[in-house]
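The structure presented is a predicted model; accordingly, all values stated were derived computationally and were not measured.
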Amino acid sequence: MTRPEFRVYRSVALGIAWRTVHNALTTPNIVIPTLAFPFFFFIAFAGGLSQLQHLPGFHFQQGYTAFQYVFVILQSAAFGGVFTGFGIARDFEYGFARRLLIASPYRSALVLGYAISAVIRWFVVATLLTVAAFAVGMNVGGGGVELPGLYLLANAAALLWSAGIAMRLRTIQAGPAMQMPVFLALFFAPVYVPLSLLSGWIHHVAQANPVTYFLEAGRGFVSGDTVHVGIAFGSALGLGVLFTIWAIRGLRDAETTGA
């Protein structure tokens, strides 16, 4: 790609990102769910279920607030990607995406632009959640610097999954197909207690669920006792590659059918 071509590619990606972020942060029916869901989960889980930390075998030195903070940050990353997918579907349904496909010489720049917007949206939510968590006394034993990198990969994977659905179905009615698999993956992980305290079929499902390793690695970063880091980052990168192919093929499908 020559320098002029790169400039065009960059302009398309940044233009899509700016428009999507602007709409997400200035439209009440978009920004309210984006902020309300993570804060609702944080209040409900970290506050209402805090007595679970007294269960025999529950060992997490930083306390239940930090334990749930890691899940809520992951949940906000994943659903930040899903909500951006809703915006992609809306753009196709209302015909705006067709104009983008006609105007842009590099169609993959559209996917990159939406991915950038998903990252920015999540950064805003994650910042507010982190401030709130420290305000209520969350303790952090480790550096936690790897946590944003891991969850950015989760954010990107959720966005690419949702983008593939949105570009194939091209209607906001596809929302449940984007949201439900992500929701199930999150809640079939050790959300409320450590994996060791789960039993029966849910324990086996959680062991096979890559989200479990995202959570355990994230909680390890917060507590200073890192575990499953290689599996977590490897799974996140693998999902990212898989869903990138899924999204690009969805984009080609939209081009073939004329959006």
Would you mind reporting whether [Y] and [X] have side-chain heavy atoms less than 4.5 Å apart?
| X | Y | answer |
| --- | --- | --- |
| Phe188 | Val211 | no |
| Gln61 | Ser223 | no |
| Gln179 | Phe86 | yes |

Aromatic ring proximity, centroids under 6.0 angstrom, [Y] and [X]:
| X | Y | result |
| --- | --- | --- |
| Phe71 | Phe187 | yes |
| Phe45 | Tyr64 | no |
| Phe40 | Phe37 | no |

Stepwise, does the side-chain hydrogen bond (donor to acceptor under 3.5 Å, both in side chains) test hold for Tyr9 with Ser108? CA-CA 9 Å; Tyr9 192 96; Ser108 62; 2.9 Å; yes
* To do: Return the orientation label for the His22 and Trp18 ring planes: parallel under 30°, perpendicular over 60°, tilted otherwise.
  => parallel
Parallel, tilted or perpendicular: which fits the ring planes of Phe67 and Phe60, with parallel below 30° and perpendicular above 60°? perpendicular
Residues pairing under side chain to side chain donor-acceptor pair (under 3.5 Å) where one sits in residues 158-169, two or more places apart or in two chains, turn out to be none
Here the side chain to side chain donor-acceptor pair (under 3.5 Å) pairs for residues 27-39, sequence neighbours left out, are Thr34-Arg121
Trace of the side-chain hydrogen bond (donor to acceptor under 3.5 Å, both in side chains) decision for Ser76 with Tyr151 | CA-CA 9 Å; Ser76 69; Tyr151 286 4; over 6 Å; no
Does Arg98 qualify as a cation-pi partner of Phe92, given the criterion of NZ or CZ under 6.0 Å from the six-membered ring centre and within 45 degrees of its axis?
no
Is the NZ or CZ atom of Arg219 both under 6.0 Å from the centre of the six-membered ring of Phe214 and within 45° of that ring's axis? no
Sorted by chain and number, sequence neighbours left out, ring-ring contact (aromatic ring centres under 6.0 Å, His included) with Phe134 holds for none
Checking Thr212, Val193, Val191 against Leu198 for side-chain contact (heavy atoms from CB on, under 4.5 Å), the one that qualifies is Val193
Determine whether Ile120 and Leu25 fall in the same hydrophobic cluster, where Ile, Leu, Val, Met, Phe, Trp and Tyr are linked whenever their side-chain heavy atoms lie under 4.5 Å apart.
yes
Salt-bridge criterion met for Arg99 and Asp91 (N-O under 4.0 Å): no
